[in-house]
Amino acid sequence: MRQAIVRGDPSTYPDWFDGKRRQRPLIVARWVPIAMVGLPVAVLFAIVVYPTIWMFYHSLRDTNITGLFTGNHAYIGFANYGTVFSSDRFQDSLVHLLQYLSFGAVLQVILGCVLALTLYEVVKSNLWRTIILILLVLPMMLPPSIVGVLWRFLLTPSNGAVNQALLDLGLIASHIEWFNAGVSLWSIIIADVWNWTALPLLIIYSGRVSLPPAVYEAARVDGASQWKVVRRITLPMLKEVIAIAFILRFTDAFKFVDLVYVMTSGGPAQTSELPTYIAFQRGIREFAIGEAAAYAIIIFAISAILVTLFLQYMKRVMRAQGLA
Amino acid sequence: MADQARPDDRWRHVRVLFLAFLGLWLLFTLFPLYFMIITALKTTAETNLTVPTFWPELFAFGNFAAVFAEATNFDALIDSFVIATINTLLSLFLGTLAGYAFARFPRQAGGENLAFWILSNRMFPPVAILVPMFFLFDSTPWGTDSIWSLIILYLVFNLPLATWLMMVFFRDAPRELEEAAYLDGWTPLRAFLRITLPLVLPGMISVAMLCWIFAWNEYLFANLFVGTDVRTYTIVIPTFTHGSQTLWNLQMAFSLIAMIPPVTLFILLRRYMVRGLSLGVVKG
């Protein structure tokens, strides 16, 4: 029997009609959700927002370490920012950052995508897929200090394993000086690619696994070649997943600094420094608080723009999936 | 039919190429790990040969015992464990509360934008917070060199993660069961503890493991904040030297021991890990 529907009464509209869920009555006291969310927000204010404001304040002042403890520092406008922008050290580090991001983040996502789809399309046995996946993901479980130490060891110029292996294979004629100026940043990038390519790989592989098989049945019935299926069906359907993998990798790469510490300490002669590394060095080791603060605020501002754009995109993806 | 066979043939060549690439990548991934294991089994003299060996001449299984001969190494693992565990419990507790509020009372809890703001804290470079937090902890009576400074600092990346993921998991849990319980006269707290929490338990465990691994593996904060009274294993590993000589074999042996927990957790929980690592977007 059909239920009579009274048109025009919004309360009888089904849930999906206006796209918004009806507001359900609150079952708990009003302060309960506020308190539940308030705790973490308060913690994050204390450990993230307050320090950021502190940094912004000191980026406008000529604070050094003694000045900080005696309270003896004066307002100098944007002079610290001027110092940072005009210093060669900062400009060089931006070039390094660009080099690192294009090979550390972009290349990793491309490689991860190729490897994930290869693993899914070419390896047919489920057991082998799982084994290979676990093996490929192992480096990701290592802390940066082990990765750094391991690669510093492997790339030791005089008696390192990589040089020896390349010599044995006849690929190089003499030892490569992995930690010389101009090469050391590449060494860091190699270690980083080894460490983190598994993240986009894992995400894209899982995205591929959860695509609906019905689409592929249809494509097979239509006689499409496997190559065409990958290009015309899989990649477009995985667009969002690949984008998310890229976002995650990129934000991580943007704050990346650990391997610089462990492998090269920014050297030799500051040729492998990234902006974040300089900010730490100036602040904690060289005690130029004001200048370090300017570095930090510049980095913070850039990443604030990027993170906002990324989250906007993520919100759209999650909405489409009905998650948000 | 003959027409259809041709593209498949072409695909077969491409397939071999891709398979070869996968094999090469597997080699690239595994070679460092392999070399790590055999180095951990070499004698100190053998690690310093001018031409490195790719198979130990002499197996020195004593290296693993030698790592723990120094009490500080064992203490470092304990410190890391304590810090990671307390931080995980704290993140999980706060994250579960906030995640539940975001999932069930979105409007009253501040809405989607607040949830995204919390998540964004994880994505910012920690550079802006490190220096002020250093001087803040320095001015407290226990100084920067205590487990508490790291436990609190690791909340910067683990609390947003836990909150966000718990929100995603609570959204997946059907609301109708709770509503049925309310009709039976259950209090919201009881319904939460007895119905919803068991439903999200697998998710919660994966969040806990993920947070734990991130805290266990953290290097940067530990490197700058602690080092004398408290030493996490991540900052101990780069300092394995004897005089001017680096003890590679002991370093690698210690690294292998420290790798066991995260690798085991990953193998056991890989299905849930993907959900967590992709911030809930990809269902593993």
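The chains referred to below are lettered A, B, ... by the order of the sequence lines, with proteins before strands, and numbering in each begins at 1.
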A:Trp54, part contacting chain B, at a heavy-atom distance under 4.5 Å:
side chain
When the aromatic ring centroids of A:Phe45 and B:Trp117 are compared, is their separation below 6.0 Å?
yes
Applying a strict 4.5 Å limit to non-hydrogen atoms, the region of A:Ile298 in contact with chain B is neither
Give, as side chain, backbone, both or neither, the part of A:Asp168 having an atom under 4.5 angstrom from any heavy atom of chain B.
side chain
Is chain A contacted by the side chain of B:Leu189, its backbone, both, or neither, given a heavy-atom distance below 4.5 Å?
neither
Where does A:Ser59 contact chain B at under 4.5 Å (heavy atoms): side chain, backbone, both or neither?
neither
Please flag which part of A:Leu115 lies under 4.5 Å from any non-hydrogen atom of chain B: side chain, backbone, both or neither.
both
Which atoms of B:Thr39 are under 4.5 Å from chain A, going by heavy atoms: the side chain, the backbone, both sets, or neither?
side chain
Between B:Pro261 and chain A, which part of the residue has a heavy atom less than 4.5 Å away: side chain, backbone, both or neither?
neither
Toward chain A, the part of B:Ile152 with a non-hydrogen atom under 4.5 Å:
both
Geometric class of the B:Trp248/A:Phe153 ring pair [parallel <30°, tilted 30-60°, perpendicular >60°]:
parallel
I want to check something: taking the side chain as every heavy atom from C-beta on, are B:Tyr233 and A:Ile146 in contact at a cut-off of under 4.5 Å?
yes
Would you mind telling me which of B:Glu218, B:Met133, B:Arg122 has the largest number of heavy-atom pairs within less than 4.5 Å of chain A?
B:Met133
To the nearest 0.5 Å, what is the distance between CG on B:Leu94 and CE on A:Met36?
11.0 Å
If I measure from the heavy atoms of chain B, does A:Thr130 come under 4.5 Å with its side chain, its backbone, both, or neither?
side chain
By a 4.5 Å heavy-atom criterion (distance strictly below it), what part of A:Ser303 contacts chain B: side chain, backbone, both, or neither?
both
A:Asn159 side-chain N/O to B:Val51 backbone N/O, donor-acceptor pair under 3.5 Å
no
Chain B contact via A:Leu248 - which portion, at a heavy-atom distance below 4.5 Å
side chain
With a 4.5 Å cut-off on heavy-atom pairs, point out which of B:Trp216, B:Phe266, B:Phe21, B:Tyr100 contacts chain A the most.
B:Phe266
Using side-chain contact (heavy atoms from CB on, under 4.5 Å), reason through B:Ser255 and A:Leu150 one step at a time and then give a plain yes or no.
CA-CA 9 Å; B:Ser255 301; A:Leu150 176 63; over 6 Å; no
Heavy-atom proximity to chain A below 4.5 Å, by part of B:Met273
neither
Compare every heavy atom of B:Pro238 with every heavy atom of A:Arg152, then report the nearest pair and how far apart it is.
NH2-O, 4.3 Å
From B:Ile267 CD1 over to A:Ile134 CD1, what is the distance, rounded to the nearest 0.5 angstrom?
5.0 Å
What are the two closest non-hydrogen atoms of A:Ser145 and B:Tyr219, and how far apart are they?
CB-CD1, 3.5 Å
Could you look at B:Ile213 and say if it's the side chain, the backbone, both or neither that has a heavy atom under 4.5 Å from chain A?
side chain
Which residues in residues 290-297 of chain A have any heavy atom closer than 4.5 Å to a heavy atom of chain B?
A:Ala296
Measuring from B:Met123:CE to A:Ile247:CD1, what's the distance to the nearest 0.5 Å?
7.0 Å
Tell me which donor-acceptor pairs under 3.5 Å the side chains of residues 28-36 of chain B have, and how far apart each pair is, sequence neighbours excluded?
| unit_1 | atom_1 | unit_2 | atom_2 | d |
| --- | --- | --- | --- | --- |
| B:Thr29 | OG1 | B:Trp25 | O | 2.8 |
| B:Tyr34 | OH | B:Phe54 | O | 2.5 |

Only one of A:Val48, A:Val307, A:Ile47 passes side chain to side chain contact (heavy atoms under 4.5 Å, CB included) with B:Asn121, and that residue is A:Val48
Stepwise, does the side-chain contact (heavy atoms from CB on, under 4.5 Å) test hold for B:Arg171 with A:Met318?
CA-CA 12 Å; B:Arg171 273 190 182 144; A:Met318 295 193 84; 5.6 Å; no
Does any heavy atom of chain B fall under 4.5 Å from the side chain of A:Ile204, the backbone, both, or neither of them?
neither
Worked verdict on A:Val149 versus B:Gln251 for side-chain contact (heavy atoms from CB on, under 4.5 Å):
CA-CA 9 Å; A:Val149 160; B:Gln251 200 168 37; 3.3 Å; yes
Return the CD1 to CE distance between B:Ile129 and A:Met55, rounded to the nearest 0.5 Å.
10.0 Å
Restricting to non-hydrogen atoms, name the atom on A:Phe254 and the atom on B:Pro125 that form the minimum distance, rounded to 0.1 Å.
CD2-CG, 4.0 Å
One should read off an interatomic distance between A:Leu138 CG and B:Met259 CE, to the nearest 0.5 angstrom, of 6.5 Å
Which atoms of A:Leu154 approach chain B - backbone, side chain, both or neither, heavy atom under 4.5 Å:
side chain
Is it the backbone or the side chain of A:Tyr277 that comes under 4.5 Å from a heavy atom of chain B, or both, or neither?
neither
Could you tell me the separation between the CG atom of A:Leu44 and the OG atom of B:Ser120, rounded to the nearest 0.5 Å?
9.0 Å
Stepwise side-chain contact (heavy atoms from CB on, under 4.5 Å) test for B:Val131 and A:Ile289:
CA-CA 8 Å; B:Val131 177; A:Ile289 308 291; 4.1 Å; yes
Under 4.5 Å from any heavy atom of chain A - which part of B:Leu159:
side chain
Selection from A:Glu240, A:His58, A:Met141, A:Met314 maximising heavy-atom pairs under 4.5 Å formed with chain B:
A:Met141
Can you find a heavy atom in the side chain of A:Leu142 that is under 4.5 Å from one in the side chain of B:Asn217?
no
With a 4.5 angstrom heavy-atom cut-off, is it the side chain or the backbone of A:Val137 that approaches chain B, or both, or neither?
side chain
Can A:Lys315 be said to sit on top of B:Phe116's aromatic six-ring, NZ or CZ under 6.0 Å from centre and within 45° of the ring axis?
yes
A:Ala35 versus chain B, the contacting section by heavy-atom distance below 4.5 Å
neither
